[in-house]
Protein chains: 2
Amino acid sequence: MYGHRVTMEDVAAQAGVSRALVSIVFRGVPGASDATRQRVLDAAVGLDYRPDRRASRLGRSRSRTIGVAFHVGDAFHGDLLGSLYRHGDTAGYEIVLSGVTASRAHDEAVETLLAERCEALILLGAQQSRTDLARLAARLPVVSVLRNVHAEDIGVVRTDDAAGLRLAVEHLHGLGHTRIALLDGGRAAGAADRRRGYRVGIRHSPGLSEALLPGGVTELEGAEAARVFLGLGSDRPTGVAAFNDRCALGFIDVVRRAGVRVPDDLSVVGFDDITEAAYPHIALTTVRQDAARLGAEAVRAVADRLERGTAAGSVTIEPELIVRTTTAAVQSGEAGRRAG
Amino acid sequence: MYGHRVTMEDVAAQAGVSRALVSIVFRGVPGASDATRQRVLDAAVGLDYRPDRRASRLGRSRSRTIGVAFHVGDAFHGDLLGSLYRHGDTAGYEIVLSGVTASRAHDEAVETLLAERCEALILLGAQQSRTDLARLAARLPVVSVLRNVHAEDIGVVRTDDAAGLRLAVEHLHGLGHTRIALLDGGRAAGAADRRRGYRVGIRHSPGLSEALLPGGVTELEGAEAARVFLGLGSDRPTGVAAFNDRCALGFIDVVRRAGVRVPDDLSVVGFDDITEAAYPHIALTTVRQDAARLGAEAVRAVADRLERGTAAGSVTIEPELIVRTTTAAVQSGEAGRRAG
DNA sequence: TGCTTTAACTAGAGCGCTCTAGTTAAAGCA
DNA sequence: TGCTTTAACTAGAGCGCTCTAGTTAAAGCA
């Protein structure tokens, strides 16, 4: 019904050359004259031929394939995939995707990639245990993106989470805020480091003290934190640094509807700089994670280990504060209280 | 450094059987005694062996592989992937993913899947031209999920978009609204059908007339539509049916901040039922698309064509109205005006 | 002119599986 | 008891590529 499979053999016959020559042309290596090259390409177009990647990967000694496990539907992972595709391509590696879903755990996603004989693994937001990761790293190069795992031989590419939160706190402090709370991320990737960064920021800014609100990863948890916040009464913080943008967005949504004006009464800083944060009607002040660079570094880390046998290392990318409209200087009353 | 590749040969040697026997055991077909089966499995575990899928796919006559092109970072596509993985697995097909990103167009994503020798393609939110799709469908079975393409031999699995919008309009009309606007989706997948459903709904409800607001796919476009809405003055609609949830969310965000109370002054209905819609602080009334069923039907359509040679058909799944808290009966003033 | 070098090509083994067409031996049966 | 059937196994070709180790002929050169 759908016609027979066309192979290199067919192209070779059509162009009047050997199979090996067709392979040379398609791999783009030297060994064929320009005239022959053109003849082979023409024959291939005529037959609507494209090399079979399964056979190609099997035939060559190295699969030149990087397996990537990602969380399906995660917007930031989406941005990272874009970058990984781009840089994988220029480095000469194919990217093979394996999605983590509610019913498809990390282990299963990784298992698929191993069966595919990937040469290395890039894990986005890895959630495996330290032992599982170490066992994996004994088989092939593994780099964890976003999450700072301390397992042996695991490369890490991440944003300097602590520095990011310190930026957020200093920004708020610079605007005159003295009661600055953290919407904590609990056990999420990067949460411990961000908590630490928040604490350092507080300690280094004279007159500040810590206040942690239980937050989380999604808008839902931000909304819940907002209810706790609203219950705080007059002692409320005037500045909030959130674990991430989605949490910040849920938080803002609820406090605004309770009559709290952002940024007049309350300043909020997010983390990530997801696409929505830049929408004019949202315009969230946030700490940007650079998806393009994170992806580039992940590919580079993997390629270095594969090609130069470099040891697994850790790459930390500096975040950047993006000031938009959810933060502002404290209002006079508050400023007076601070001056006093 | 990472040890040599272990193959079926090694397992066979270890278990004292032929390579063919190991293959039989791993494919789970009859032809091996229970004792041998166990011996082979033990040997495989001891050697940490897993079959090489590249070789396995190459060796068998059918690759039993379904290629899926999806938009990286799209939350609803994420839900669909979850369902596709699940149903592909039970139907005995491997799912191979290929992401569409800003720098990686649909064509490129599809090209990868063809080179992988997938037996069939499932395209989520396909955006290729009708001719490109028809050409593709001449090579292998193709089903488009979400988007209703009218190209020859392309299977379609989608929600009854028109019925969904009719549900939305009838819900609003039932609550006493007489001025019901559509936040239009323009050229997005399903937008034409939703527009049609809206019109049918309006026509079938006595005393209603059409009002289209330019909307779109994202919160951004919803927010822009909100500005147009706010400029409308006293003639404003009291009910709005949005192209999708994200658009509805952006719209609500902006009108609320302008002092419009939802649902007291204005009722809004979304479309999709994305995860966020169910968050209690959002609680968006919406028309649900059933990702689980869409995925199941897509796999079934593909499997039917592959195994029974069924002709490409169209499957339409009925949407469901989920009433939450962004819609309410019109306020007395409005109701009086309607009665008069 | 005779030798070396190089460009352009080919033969064929190999990658790690699947699967058809066998073989062998035990079980079943008239 | 001799035949058929069946379960349990194996040999080896094939899937569609890559890549090494060649061959051939033209070009370059003293």
Side-chain angles (χ1 to χ4, degrees), chain A residues 3-41 43-44 47-65 92-94 112 114-119, chain B residues 3-41 43-44 47-65 92-94 112 114-119:
Chain A
H4 100 122
R5 313 174 167 185
V6 14
T7 72
M8 228 169 224
E9 194 72 59
D10 301 313
V11 179
Q14 173 86 6
V17 296
S18 70
R19 228 175 53 249
L21 220 276
V22 179
S23 173
I24 284 170
V25 171
F26 272 97
R27 278 178 294 137
V29 297
S33 70
D34 287 352
T36 314
R37 221 171 267 276
Q38 197 53 54
R39 210 145 36 86
V40 167
L41 258 16
L47 295 168
D48 196 9
Y49 169 77
R50 47 179 66 66
D52 185 331
R53 289 209 191 173
R54 303 168 303 173
S56 152
R57 284 205 285 261
L58 189 60
R60 58 194 188 229
S61 50
R62 295 186 44 191
S63 74
R64 294 204 72 90
T65 285
Y93 287 92
E94 278 176 53
T112 310
L114 292 178
E116 212 65 54
R117 297 299 187 265
C118 293
E119 290 190 74
Chain B
H4 100 121
R5 313 172 166 185
V6 12
T7 72
M8 227 168 223
E9 193 72 61
D10 301 313
V11 178
Q14 173 86 4
V17 296
S18 70
R19 229 175 53 251
L21 219 277
V22 179
S23 173
I24 284 170
V25 171
F26 271 97
R27 278 177 294 136
V29 297
S33 70
D34 287 351
T36 314
R37 222 169 265 277
Q38 197 52 54
R39 207 144 38 86
V40 167
L41 258 16
L47 294 168
D48 196 10
Y49 169 78
R50 47 178 68 64
D52 185 331
R53 290 209 191 174
R54 302 170 304 173
S56 154
R57 283 205 285 260
L58 189 61
R60 60 193 186 230
S61 50
R62 295 187 43 191
S63 73
R64 296 204 70 91
T65 285
Y93 287 92
E94 281 176 50
T112 311
L114 291 177
E116 213 65 55
R117 297 299 187 268
C118 294
E119 291 190 74

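Every chain is numbered from 1, with letters handed out A, B, ... down the list of sequences. Everything quoted here is computed from the prediction, not taken from an experiment. Atom set for the values below is all heavy atoms of this structure, side chains included, hydrogens, waters and symmetry mates excluded.
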- Query: Which nucleotide in the list dC17(D), dT18(C), dT18(D) gets nearest to the side chain of Met8(B)?
  - Reply: dT18(C)

- Nucleotide nearest Arg117(A) when distance is taken to its side chain, options dT18(C), dG16(D), dC17(C): dC17(C)

- Message: Classify Arg54(A) by what it touches in the nucleic acid, base, sugar-phosphate, or nothing, heavy-atom distance under 4.0 Å.
- Response: nothing

- Message: From CD of Glu116(A) over to P of dC17(C), roughly how many Å is that when rounded to an integer?
- Response: 12 Å

- Nucleotide by nucleotide, 5' to 3', does protein get under 4.0 Å of the base (B), only the sugar-phosphate (S), or neither (-) in nucleotides 8-13 of chain D, counting heavy atoms? SBBBBB

- Query: Hey, what do you get for CZ (Arg117(A)) to CG (Leu58(A)), rounding to the nearest 0.5 Å?
  - Reply: 10.0 Å

- Note on the structure: note: Leu58(A), atom CG; dC15(C), atom C1'; distance rounded to Å ~ 4 Å

- Are the charged groups of Glu94(A) and Arg60(A) less than 4.0 angstrom apart, N to O? yes

- Note on the structure: Paired runs of 3 or more consecutive Watson-Crick or G-U pairs involving DNA chain D, with both pairing distances under 3.5 Å, are C:1-30 with D:1-30

- Arg50(B) bridged to Asp52(B) by N-O distance under 4.0 Å: no

- Would you check if there is a donor-acceptor pair between the side chains of Arg19(B) and Ser23(B) at a distance under 3.5 Å? no

- Query: For the pair made of CG in Asp52(B) and P in dC15(D), what is the distance, rounded to whole Å?
  - Reply: 18 Å

- Going by an N to O cut-off under 4.0 Å, is there a salt bridge joining Glu119(A) and Arg57(A)? no

- If only atom types and distance count, is the side chain of Arg62(B) paired as donor or acceptor with the main-chain N or O of Arg64(B) below 3.5 Å? no

Between the protein and nucleotides 24-27 of chain D, list every N/O to N/O distance that falls short of 3.5 Å.
none

